[in-house]
Amino acid sequence: MQMRLLARLALATLVVAAPLSLALQSQAAQAADPVTVLTSDFEDGTVQSWGGRSAETLANSTTVAHGGTHSLAVTGRTAAWQGPALSVLSTFAKGTAYTISVWVRMADTSDSARLSVERRTSGTASYDTVVGNTAVTSGGWVNLVGHYTLAYDVDFLSVYVETASTTGSLYIDDVTATYVPAQPIQTDIPSVKDVVTEFPVGAAITGAEILNEHGQLLTKHFGSVTPGNALKWDATEPTENTFTYTQADPLIAYAKSNGLAIRGHTFVWHNQTPSWVFLDANGAAMTATAENKALLLSRLENHIRNVAAHYGDTIGTWDVVNEVIDESQSDGMRRSTWYTITGLDYIRTAFRVAREVLPNATLCINDYNTNVAAKRDALYNLVSQLLNEGVPIDCVGHQMHINVSWPAVSDVEASIQKFATLGVEQQVTEMDVSIYTSSSESYTTPPAERLLAQAYVYRDMFALFREYADDITSVTLWGLADDNTWLDTYPVARKDAPLLFDTVLQAKSAYWGVVDPTKISTTTSSSPSASSSPSASSSSSSSSSPSASASTSASPGTSACSVAYRVTGSWTGGFQGDVKITNTGTAAINGWTLAWTFTGGQTVTQLWNGTVSQSGSAVTVTNASYNGTVAAGGSTSIGFLGSWAGTNPVPTAFTVNGTACAVA
Ligand code: XIL
């Protein structure tokens, strides 16, 4: 233990001493110029091969234009899914990562628009979201930009725009699709799996990751894979008792033939579960009755029996249940339909059935933010109770969706130590390190110092995992390379770069953080982040990409207080925040009232270490009985849960006892 503490201390010191202002080495290879495969600017006065998805009307228009004088007008929509579509069957090649960009504006209403691809194989249609719902108005053009890799053999392929809820007329303009030619992977660098030998290191994969250069990168560096979506309920049992493995089977076969271990993800989750699962015998939403409980548990049992048996021992580890904890509930349990209809019995049933079918598998309970004390404790209490009951839980999965400045290594270590006392295996199941620290930041190119900070996070976290190799039996990254990461659309649409390899599959400093931290380079100079501009994802005044950070409006040094506001976690509709007040004056603060104004319509739903009141967008927090005194130079923090919709901009001004504070 002494050794561990010393090692930790040394790492902590290194992090503080790391010269973050030094810019990062340039990427190992310069990306080639993008190749444009599709341009629709409508300047020739035609609809340029675009058609409606149904009976809506498409016409060239000069009423508004993004570039030039023409655009494409879409009128007469009678359903939100209707919109302009273009076949890209002969344009897109399987396995190539395309960047698709389209400018959208509503004619006279407001809605959210999204960009998708419809693909069909032998008449069966699938819909892939390229850019999720993004607010659009009639006041200006909004750019939807996303990435798409076709991973299947198809006989129909179409790019289209639709809206979230209304049927208002809309315009699109300046559509492009580009790709950066694939680069050969680097064969002269160490394989991650040869350097980190304490446990298998894995990557989450979709169909795209097993093709061409991606497949080469995957098998060079990783010893394990997790299908990122292909084994979820909506993929494997979309309608009751009809099981389909068309997404997962090719991935599993590839893994098997390349000798990769496989993590199954996941039998039970509250997301990506078809709605039929939660309908009662009459087709209505289930209410909490004994009959519905029996029905839901029998569906659960049938699902696990089938999917587990289909793969048998080929899949060595399963995330049996996913994200069941909500530490804000008094009993720590997420109020999913699973829980409201069955209580804890869905978890008991899931593990019992999984064990019956898979006596040799490692069965995990998986969750995010396990480094947060309250969440960790709630999960610990649940696992400990269930183990006492004899529920066959073999393993706790730490998702580890983290970012360049959160969490502290010590919090992750505390979590590993706590679960070690239960005698279960622990696996890091979905690690990625976002370059963003709040939902309001957006960069088109990752700033060098964020990539450097990321390399240190990977270095420190992998050092920790390897130190605890007695407890940790697998570490999986949630993706292979930055060209395909779920964080490009979550929690908001923007380009993220959370993995070890860049968008053209070359090793990043993050890779060196894992493989050989002495090679995290700080030598080659490029501009530090201050000069890298946040991406303008909208040219309208109601921008969906607010200015990057609160610190821009700070006037440090002049106030007697400074305030640091951080979004520490974010999910659809909700987020967690932390606000730290520092007394920068010379006298103690005795009793404080902190105030800020939300600019994105957010609401504080719960707050700790203070008392909150909110009137409209104005939030006021007064101290709790135990933290009213803040010594000169001292600080105190509050934490809260909030709700948001659309965007979640960081407040840019704060007062303490009526005095404006610097923003840290
Ligand atoms: C994500 C996938 O990567 C996305 O493609 C999908 O749209 C949403 O789900 N926690 C989990 C994973 O347990 O299943 C999630 O995967 C990421 C968060």
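Fair warning: this is a prediction, and the values are worked out from it, not measured in the lab. Only this structure's heavy atoms are used, side chains among them; waters, hydrogens and symmetry mates stay out. Counting starts at 1 for both ligands and their atoms, in listed order.
Distances below 4.0 Å separate heavy atoms of W486 from the following atoms of ligand 1: 3 (O), 4 (C), 17 (C), 18 (C). Here is the list of ligand 1 atoms found below 4.0 Å of a heavy atom in N322: 11 (C), 13 (O). Each of the following atoms of ligand 1 lies closer than 4.0 Å to a heavy atom of E323: 10 (N), 11 (C), 13 (O). Remark: ligand 1 atoms within the under-4.0 Å shell around heavy atoms of K232 are 1 (C), 2 (C), 9 (O), 12 (C), 14 (O), 15 (C), 16 (O). Taking a cut-off of under 4.0 Å to the non-hydrogen atoms of Q399, the atoms of ligand 1 that pass are 10 (N), 11 (C), 13 (O). Each of the atoms 11 (C), 12 (C), 13 (O), 14 (O) of ligand 1 lies under 4.0 Å from some heavy atom of H265. Residue Q272 approaches ligand 1 through these ligand atoms, each under 4.0 Å from one of its heavy atoms: 6 (C), 8 (C), 9 (O).
If you check which protein heavy atom lies closest to atom 2 (C) of ligand 1, you get N229 OD1, 3.5 Å. Ranking protein heavy atoms by distance to atom 3 (O) of ligand 1, first place goes to W478 NE1, 3.0 Å.
Ring geometry, H303 versus W233: the interplanar angle falls under 30°, so the pair is classed parallel (tilted spans 30 to 60°).
Within the 4.0 Å heavy-atom criterion, the part of W269 lying near ligand 1 is the side chain and not the backbone.
With no hydrogens or angles considered, no side-chain donor-acceptor pair links Q399 and D367 at under 3.5 Å.
A cation-pi geometry, defined here as NZ or CZ lying under 6.0 Å from the six-membered ring centre and within 45° of its normal, holds between R494 and Y436. Figure legend: K375 and Y368 shown as a cation-pi pair, the cationic atom lying under 6.0 angstrom from the six-membered ring centre and within 45 degrees of its axis.
Close placement of the W486 and H401 rings is indicated, their centers lying within 6.0 Å of each other. The ring of Y98 has its center no closer than 6.0 angstrom to the ring center of Y148. Within the 6.0 Å centre-distance limit, the rings of W338 and F278 are counted as a close aromatic pair.
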Between L296 and Y346, does the side-chain contact (heavy atoms from CB on, under 4.5 Å) criterion hold? Intermediate values first, please.
CA-CA 8 Å; L296 188 54; Y346 77 100; over 6 Å; no

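On a distance-only criterion, E430 and ligand 1 share at least one N/O pair closer than 3.5 Å.
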